[in-house]
Amino acid sequence: VLQRFTSADGWVNNDYSEVPDTNDFNWAFSRTTRLGALGSFAIGLPTGFQLTFLAKVILEGAYRLNAETMGYELNQKGLIPTTPPDIYPYNLDPLRQLTVVDQVPDSVVDWIVIEFRASFNSPNKTYRTGFLRYDGFIVELDGISPILLSPSKGGIDSGGGDYFVAIRHRNHLAIITENPIGIYPETIESVFDFTKDANLLMGRINAVRPVGYDNNSIVYAMVAGDNTANASGRGLLNDDDYTDTWNTINLEGYLLEDYNMGGIITTKDFNVSWNNRGKISFAD
């Protein structure tokens with residue numbers, strides 16, 4: 001709609017304007033049948049417009065090469081909690097306790113957190129917790145919709161902006177974009193696919209693990225094996241990450257040491273963390 005700026009109320013809708021159109025030079029314009037004041041005008045967003053974010057990532061531990069997707073055994077065994085647990089990274093989200101479902105949707109691999117920063121070293125960060133689906137898409141609590149970015153859901157204005165975007169999981173190394181990416185209404189159909197282009201990420205190929213091929217393109221995954229999420233070793237795969245698997249071997253449940261996310265800790269989990277020893281996160 002057409003909007004006029006006022007010192008008292010900011011941008012105010014002109015309820016008598018037509019639906020905006022664009023000319024041959026791609027400039028937006030609108031007409032109104034009633035105008036009661038002069039001032040600064042702009043084409044505003046439709047009333048009730050909500051910005052969304054659609055991203056795709058793969059967790060190395062959950063990736064099943066034979067299926068070329070992630071397994072969701074934790075979901076099938078009923079082990080994923082219906083609200084994110086009070087551990088890193090879910091406790092970074094101030095809305096964690098309000099993020100609740102009656103039942104975890106089918107094909108969900110686990111809870112995952114998206115972090116938005118206006119600058120790389122900004123102390124002000126916005127978090128959104130959602131579900132990671134077997135096909136790599138990060139979705140809302142219904143298991144289908146893109147992540148909603150309305151101010152009530154995390155403080156990002158519906159007009160959008162440029163943000164460094166980090167993805168965090170409880171036992172994989174976090175990733176973050178090397179440069180800010182534009183999240184605007186005009187990019188609403190864009191999919192930020194972090195599985196296909198490691199150059200989007202800080203650290204590039206050092207930040208991820210190649211796990212397979214898709215149409216002759218390498219599939220990159222977040223590095224598995226970080227179980228010291230709440231300790232000083234977070235973001236670094238060290239001795240604790242792989243020796244702790246021996247202390248919890250054969251245990252079943254929703255456990256940090258279950259790096260391949262099968263619901264039981266085995267030597268496969270040890271191998272994952274051993275193979276990734278020395279890897280670091282570039283997001284912390």
Grab the two heavy atoms, one from [X] and one from [Y], that are nearest each other, plus how far apart they are.
X: Ser40; Y: Trp11; answer: O-CZ3, 3.7 Å
X: Gly263; Y: Leu79; answer: CA-CD1, 3.9 Å
X: Ile176; Y: Phe120; answer: CD1-CE1, 3.7 Å
X: Asp102; Y: Thr82; answer: O-CG2, 3.9 Å

Item to check | Residue pair Val113 / Tyr90, side-chain heavy-atom distance below 4.5 Å | outcome: yes
Salt bridge (charged side-chain N to carboxylate O under 4.0 Å, His left out) partners of [X], counting only residues at least two apart:
X: Glu73; answer: Arg64
X: Arg4; answer: none
X: Asp258; answer: none
X: Arg209; answer: Glu60

Item to check | Quiz item: cation-pi between Arg34 and Tyr16, 6.0 Å / 45° | outcome: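 Cation-pi check for Arg34 and Tyr16: passes.
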Result block: side-chain N/O donor-acceptor pairs under 3.5 angstrom for residues 192-206, not counting sequence neighbours:
unit_1 : atom_1 : unit_2 : atom_2 : d
Asp193 : OD1    : Thr195 : N      : 2.9
Asp193 : OD1    : Thr195 : OG1    : 2.5
Lys196 : NZ     : Asp214 : OD2    : 3.3
Asp197 : OD1    : Asn199 : N      : 3.0
Arg204 : NE     : Glu178 : OE2    : 3.3
Arg204 : NH2    : Glu178 : OE1    : 2.9

Could you tell me whether a side-chain N or O of [X] sits under 3.5 Å from a main-chain N or O of [Y], the two making a donor and an acceptor?
X: Thr245; Y: Asp241; result: no
X: Lys77; Y: Gly262; result: yes
X: Ser281; Y: Ala174; result: yes
X: Thr177; Y: Val165; result: yes
X: Trp111; Y: Pro81; result: yes
X: Arg277; Y: Trp274; result: yes
X: Ser17; Y: Leu2; result: yes
X: Ser122; Y: Ala118; result: no
X: Asn276; Y: Lys279; result: no
X: Asn171; Y: Leu256; result: yes

Single-linkage hydrophobic cluster, 4.5 Å side-chain cutoff, [X] and [Y] together:
X: Met222; Y: Met261; result: yes
X: Val100; Y: Leu98; result: no
X: Leu74; Y: Leu255; result: no
X: Tyr163; Y: Val191; result: yes
X: Ile138; Y: Ile58; result: yes

Checklist entry - Looking at Phe116, Phe53, Phe164, which hits side chain to side chain contact (heavy atoms under 4.5 Å, CB included) with Ile181? => result Phe53
Checklist entry - Among Val272, Thr266, Ile265, which one satisfies side chain to side chain contact (heavy atoms under 4.5 Å, CB included) with Lys268? => result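 Single side chain to side chain contact (heavy atoms under 4.5 Å, CB included) partner of Lys268 among Val272, Thr266, Ile265: Thr266.
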Item to check | Value rounded to 0.5 Å, distance of OG1 in Thr129 from CG in Asn91 | outcome: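 Output value for this atom pair is 9.5 Å.
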Checklist entry - CG of Leu59 to OH of Tyr134: how many Å apart, nearest 0.5 Å? => result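 The OH atom of Tyr134 is 15.5 Å from CG of Leu59, to the nearest 0.5 Å.
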So, using side-chain hydrogen bond (donor to acceptor under 3.5 Å, both in side chains) as the criterion, who are the partners of [X] when residues are at least two apart?
X: Glu252; value: none
X: Asp135; value: Arg133
X: Tyr213; value: none
X: Tyr254; value: Asp110, Arg170

Item to check | Worked check of side-chain contact (heavy atoms from CB on, under 4.5 Å) between Phe270 and Asp244 | outcome: CA-CA 9 Å; Phe270 176 87; Asp244 282 356; over 6 Å; no
Checklist entry - Does Asn75 have any side-chain contact (heavy atoms from CB on, under 4.5 Å) partners at least two apart in sequence or in another chain, and if so, which? => result Tyr72, Ile80, Val104, Val108
Checklist entry - What residues form a side-chain contact (heavy atoms from CB on, under 4.5 Å) with Lys125, not counting sequence neighbours? => result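 In terms of side-chain contact (heavy atoms from CB on, under 4.5 Å), with neighbours along the sequence ignored, Lys125 is linked to Glu115, Arg117, Tyr127.
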Checklist entry - Linking Ile, Leu, Val, Met, Phe, Trp and Tyr by side-chain heavy atoms under 4.5 Å, what else ends up with Val12? => result none
Checklist entry - Do Arg168 and Tyr88 have side-chain atoms, one donor and one acceptor, less than 3.5 Å apart? => result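 There is such a pair (donor and acceptor under 3.5 Å, judged by atom type) between the side chains of Arg168 and Tyr88.
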Checklist entry - Going through the distances and angles, do Tyr242 and Asn227 end up as a side chain to side chain donor-acceptor pair (under 3.5 Å)? => result CA-CA 9 Å; Tyr242 47 84; Asn227 76 353; over 6 Å; no
